[in-house]
Amino acid sequence: MARHNLEKQLSILDFALSSLWRHRMKSLSVLLVFAAVIFLLASFQMVTQALSDKAKQVLAHTPEITLQKMSAGRQESIPLAYGEQLAGIFGIRRVVPRIWGYYFDEVRLANYTVMGLEVNEMPEGGRLGATLAKGVMPGPADEAQGRVVVGQSIKKTMDLAGRTTFSLFRPDLSLKPFEISGEFSPDTDILTNDLIVMNVADARDLFGIPAGLVTDLCVYVANPKEIETIAKKISEALPSVRVLTRSQIQKTYQVVFGWRSGFGSICLLAALAAFVILAWDKASGLSPEERREIAILKVLGWETSDILAVRSRESVIVSGLACIVGMTAAYIHVVYFDAALFRPVLMGWSVLRPDLHLLPRLAAGDILLILAFTVIPYLAATVIPAWRSATVPADSALGG
Amino acid sequence: MQQIVPGAVLLFSAPWPMTCYRIETMGKYVIIECKELTKAYPVEATMVHAVNTVNLPVNKGDFLVILGHSGSGKTTLLSLIGGLTSPDSGQVFIDGVENWRQSDQALSTMRNSKIGFIFQFASLIPTLSVMENILLPLSFCQNPAGSRVLALDILAQVGLADKANAFPSQLSGGQQRRVAIARSFINCPDIILADEPTGDLDEETEKDILALFRRYNEQGTTFVVVTHNSDLAATQKGARVFSMRQAVLTPQAG
Ligand SMILES: Nc1ncnc2c1ncn2[C@@H]1O[C@H](COP(=O)(O)OP(=O)(O)O)[C@@H](O)[C@H]1O
Ligand SMILES: [Mg+2]
């Protein structure tokens, strides 16, 4: 009995396959449309997922509170002395100065992000060492030493051919020599790809920033729960200073990102809806030929369930193939083509660097969701009409 | 009651070529019984009878010929007997079991194992080859290799042995009809319900097909053949001839 069942399943499968083959043009076009929809959904989901992962990494590294001096609505250098005025606020663990800016390399036509840090002063500074593929972070900040750590794309752009030294122009066009003392590991690309890290004194020298001034001040607090209170106290103590908390930065980012992915989702939902309508239309309007085929099978003694089994096998094969093709294409699209299709929608803000390389991640839940939105409507759209057609008296389709 | 040895089973013990063999039961019994069978279709607000209170017992091994003009209800009667159409009132019994008292599954099994249909109009699936079309009723049987041999044998009997791999579109109307006839025999049915089976055949082929019917009939297969060709009745010795007029079935004398 079990054997007979197995044989029956096999012959149903065989019939389904041959029926797909018999209607190969139709099957192929449905398969292509279906795969395209899954491709769009899956690559969008992968990109969104990869970007929000990256975003989390970025945000995890932002200081708890950042102080920037504002003048005429623009950011200006902030006096180091401001840090001393915060001494009285309870709960501040440390205030660390940063000098950062963008450097346009006119020779290589590339934009670098230059970051001057006091690594030894930062509470988590020691952990930065872990982000290096080789070498060490630049040493103490009290004097210029010209040692830098660079990101992967800098290394590529500069094309140093084994050398470890290069020079950048100061504002007065004199050359400042640097020596590469380490490089960031590729895992941290989102943060470090175009980054040159040096100590504060070197950055001051490079950008020609007067002593006593820095780009911003990073405030680290003892208890993260007090961030909001401390931020408020700082605003009161330094009215001309913009106080950015990590959660504010996060919110700004999420609004932008949420809007963009929301926009994308709507476009995709529209595509999906079109697909479902197409599938429904194609299937519910069973052609007279298909209706006749079902009637003939019924007359020849096929049970309604056999006909449905063939139909659903066909649909499962088509959707299975579409899933494999669509998902694979999506993965290739995201990994090897860096989601070229979605770039215009999702990228282009300074938070997300344009040459960012994405590591896609597709959770089982996402896959299930995508399947639920594509395969189930498709199965319903193909099997239900066949069922309706198989349960009506067979004679009506045969006439006479 | 009766015992059937399906041809496919015998294939491996009997020499080739072979047809469906059956072990006959003794004596006659009623294999089809229509009781007060009635079916009407709505035509412009009124109901028009297609089949009106038909009472018809058919014995096993009978050869029935039903004559009638088109529109008299012949096709509808065959559909009712084969369980393709449900009657408005009355019953059809096949082997003592009432058609519409059964589940869809049981009805399908009954059609599959006991009845061979020959439709009035082309009934081949255009995208399947002749062989595949013939094998459709056996799609879920347990002996695919044996079925092919059987199918080739039946194809030879209808004179189309060389067309097994052709597609319906490559055949003439008469050849398609013969394929449909071959298919109706593939499951060794007890009953053949044939709707104008020789409609588009030339005289020569018609004779061959009728001879084939007779051969099967002599082996015990019951035939209900619908036609508007009154000559057909004359060629089948011992046929019970009925005429159908405006949904009413009446036996013809002689
Ligand atoms: N499915 C149907 N729907 C409506 N009317 C039908 C249907 N099938 C048959 N009829 C009507 O029933 C009558 C008998 O038809 P049919 O059984 O096909 O006759 P025959 O086969 O003798 O030509 C005709 O008037 C036909 O129009
Ligand atoms: Mg008819």
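A, B, ... follow the sequence lines: proteins, then strands. Residue 1 opens every chain.
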Review point. Could you walk me through whether A:Ile296 and B:Phe117 pass the side chain to side chain contact (heavy atoms under 4.5 Å, CB included) check?
Key: CA-CA 10 Å; A:Ile296 291 170; B:Phe117 275 97; over 6 Å; no
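- Applying the 6.0 Å contact sphere to CD of B:Gln170 captures more than 12 heavy atoms from other residues, nucleotides or ligands.
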Review point. Given A:Lys298 and B:Leu84, is the side chain to side chain contact (heavy atoms under 4.5 Å, CB included) satisfied, shown in steps?
Key: CA-CA 8 Å; A:Lys298 281 280 291 198; B:Leu84 301 178; 5.8 Å; no
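- Ranked by non-hydrogen atom pairs under 4.5 Å with chain A, the options B:Leu78, B:Asp104, B:Thr76 are led by B:Asp104.
- Pairing each heavy atom of A:Val299 with each of B:Phe119, the nearest pair is CG1-CZ, 3.1 Å.
- In terms of heavy atoms, B:Arg111 sits closest to A:Gly301 at CB-CA, 4.1 Å.
- In terms of non-hydrogen atom pairs under 4.5 Å with chain A, the most contact-rich of B:Arg183, B:Glu132, B:Met110 is B:Arg183.
- Side-chain contact between B:Pro126 and A:Arg292: present, with at least one pair of heavy atoms (C-beta onward) separated by less than 4.5 Å.
- More than 12 non-hydrogen atoms from other residues, nucleotides or ligands lie less than 6.0 angstrom from CZ of A:Arg24.
- When the shell of 6.0 Å around CD of B:Gln246 is examined, it contains 12 or fewer heavy atoms from other residues, nucleotides or ligands.
- Atoms CD1 and CG, from B:Ile186 and A:Leu300 in turn, are 11.5 Å apart once rounded to the nearest 0.5 Å.
- Here the shortest heavy-atom pairing between A:Trp302 and B:Leu136 reads NE1-O, 3.0 Å.
- With a threshold of 4.5 angstrom between heavy atoms, A:Leu297 approaches chain B through side-chain atoms but not through N, CA, C or O.
- Contact annotation for B:Leu128: both backbone and side-chain heavy atoms come within less than 4.5 Å of a heavy atom of chain A.
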